[in-house]
Amino acid sequence: MTEYTPKERLYRALRKQPVDRMPAVCFTQTATIEQMEASGAYWPDAHADAEKMATLAEAGHTVIGFEAVRVPFDITAEAELFGCGIKAGDLKQQPSVIKHSVKNLEDLDKIKEYSLNEGRVGLILEAIKILSDKYGKELPVIGSMIGPFSLAQHINGDAWFGNLFTGEEIVPALLDFCSDFNVAYAKAMVENGADTIAIIDPTASYELIGGEFYEKYALPYQKKIIDAMKELDVGTVLHICGNTTNGLAIMDKTGVNGISVDQRVDIKTATGNVENAIIIGNVDPVAVLWNGTPEDVAEASKKVLDAGVGLLSPGCGIVSMTPSANLQKMVDCAKNYKY
């Protein structure tokens, strides 16, 4: 069989085409302290400096061996663009949203004029360009963004779920706004060199909102992004936290190439619950990758591979204190696996 470049291999794997072996990639947060020490690019500076962001993303490839480069390392840049207050984070912790910006339709009107070149969103696009210029011919360049449901919740705050249940008019308006932004942002990522888009939509979890609300308030808006990327022949991966087992068939309706599942999902059951997407995951990022040994990682990886996972990857974002040796073992397990 033909030996593919990492870029070709992931392209084909996401589209269920034959490949020589499994790609070794991570669609969730990749940075660790050991990578920071090796590259000289540290949190929190690497969240707000395009060169440092690209340097730390590169370490996922040069230090760990992931066959892709991915930015950013958090899911708050989008909310910050729209006026939300952000806690900067530190060496170990990612930034978080601490203040929200939209209570009503009048507030929403105030944030509708924005530029993708502003703030950290602009810096992320710049980092993608840096990585694409250096690695884009050989390696996949993954642009990651928060999904529209979770972005709406970030912007609307604690009132969001109450507004869902009472059917407030802010809900569809904000979801339309966020998904339109997501499409524009994804297209800008592609223009800067991204060939794969990861959509991280944690609060759209089946565990939180159930199937009926997911189908009404998440599915159409996620699909809007995925449809736009299909037109550009760009691969897409959707990651939602929690036990999404019973919601996978609905998530599959988005048309996404890959669905990333967390460690609470049984892989064999998951693969039976989807018709179109491949299942990605789901080595436990805490118990195994952070707190385990390379031997534990090998055992857990074998279990996931034997269950029929499409791509071996962490079940969620990598904990910053995770040892490189554990991640390298997971990478080896993926590289040595042939479908």
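Contacts of Lys134 classified as salt bridge (Lys or Arg N to Asp or Glu O under 4.0 Å), with partners at least two apart in sequence or in another chain: Glu58. By the salt bridge (Lys or Arg N to Asp or Glu O under 4.0 Å) test, Lys216 pairs with no residue at all, sequence neighbours left out.
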Is there a side-chain contact (heavy atoms from CB on, under 4.5 Å) between Asp49 and Asp45 once you walk through the steps? CA-CA 6 Å; Asp49 181 293; Asp45 294 346; 5.6 Å; no
Evaluation steps, ring pair (Phe, Tyr, Trp, His ring centres under 6.0 Å), between Phe149 and Trp160: CA-CA 10 Å; Phe149 187 89; Trp160 177 244; 5.6 Å; yes
Given Asp20 and Thr2, is the side-chain contact (heavy atoms from CB on, under 4.5 Å) satisfied, shown in steps? CA-CA 6 Å; Asp20 49 340; Thr2 305; over 6 Å; no
side-chain contact (heavy atoms from CB on, under 4.5 Å), that's the test. Do Asn243 and Asp262 meet it? Break it down for me. CA-CA 7 Å; Asn243 188 350; Asp262 92 2; 5.6 Å; no
Let me see the working for His239 and Phe27 under ring pair (Phe, Tyr, Trp, His ring centres under 6.0 Å), right down to the final yes or no. CA-CA 8 Å; His239 177 83; Phe27 297 99; 9.9 Å; no
List the steps and the verdict of salt bridge (charged side-chain N to carboxylate O under 4.0 Å, His left out) for Asp109 and Lys112. CA-CA 5 Å; Asp109 285 338; Lys112 285 186 174 178; 3.4 Å; yes
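Closest of all the heavy-atom pairs between Pro220 and Tyr214 is CD-O, 4.5 Å. In this structure, Tyr4 and Arg9 approach most closely via the heavy-atom pair O-NH2, 2.7 Å. When all heavy atoms of Lys224 and Ser179 are compared, the closest pair comes out as NZ-OG, 2.9 Å. Residues Val288 and Ala300 share a closest heavy-atom pair of CG1-CB, 3.9 Å. Closest of all the heavy-atom pairs between Ala198 and Ile142 is CB-CG2, 4.1 Å. Between Met189 and Ser144 the shortest heavy-atom distance is CE-O, 3.3 Å.
Linking Ile, Leu, Val, Met, Phe, Trp and Tyr whenever their side-chain heavy atoms come within less than 4.5 Å puts Ile280 and Val283 in one cluster. Under the 4.5 Å side-chain heavy-atom criterion for Ile, Leu, Val, Met, Phe, Trp and Tyr, Ile146 and Leu125 are members of the same hydrophobic cluster.
For CD of Glu207, the number of neighbouring non-hydrogen atoms (other residues, nucleotides, ligands) closer than 6.0 Å is greater than 12. Annotation for Lys129: atom NZ does not count as buried by contact number, only 12 or fewer foreign heavy atoms lying within 6.0 Å. More than 12 heavy atoms of other shown residues, nucleotides or ligands fall within 6.0 angstrom of atom NZ in Lys16.
Tyr221 and Asn182 are not linked by any side-chain donor-acceptor pair at a separation below 3.5 angstrom, with hydrogens and angles left out of the test. Between the side chains of Arg120 and Thr76, a donor-acceptor pair is found at a separation under 3.5 Å. No side-chain donor-acceptor contact under 3.5 Å links Glu34 and Thr32. Under 3.5 Å, the side chains of Tyr42 and Gln35 contain no donor-acceptor pair of N or O atoms. A donor-acceptor pair shorter than 3.5 Å cannot be found between the side chains of Lys223 and Thr254. A donor and an acceptor atom, one from each side chain of Gln29 and Asp74, are nowhere located under 3.5 Å apart.
A salt bridge links Asp195 with Lys7; the closest basic N to acidic carboxylate O contact falls under 4.0 Å. By the 4.0 Å N-to-carboxylate-O rule, Lys110 lies close enough to Asp107 to be salt-bridged with it.
Because its NZ or CZ atom is both nearer than 6.0 Å to the ring centre of Tyr11 and within 45° of the ring axis, Arg15 counts as a cation-pi partner of that residue.
Using modelled atom types, one side-chain atom of His100 and one backbone atom of His154 make a donor-acceptor pair closer than 3.5 Å.
Relative ring orientation between Tyr114 and Phe181 is described as perpendicular, the plane-to-plane angle rising above 60° on a 0-90° scale split at 30° and 60°.
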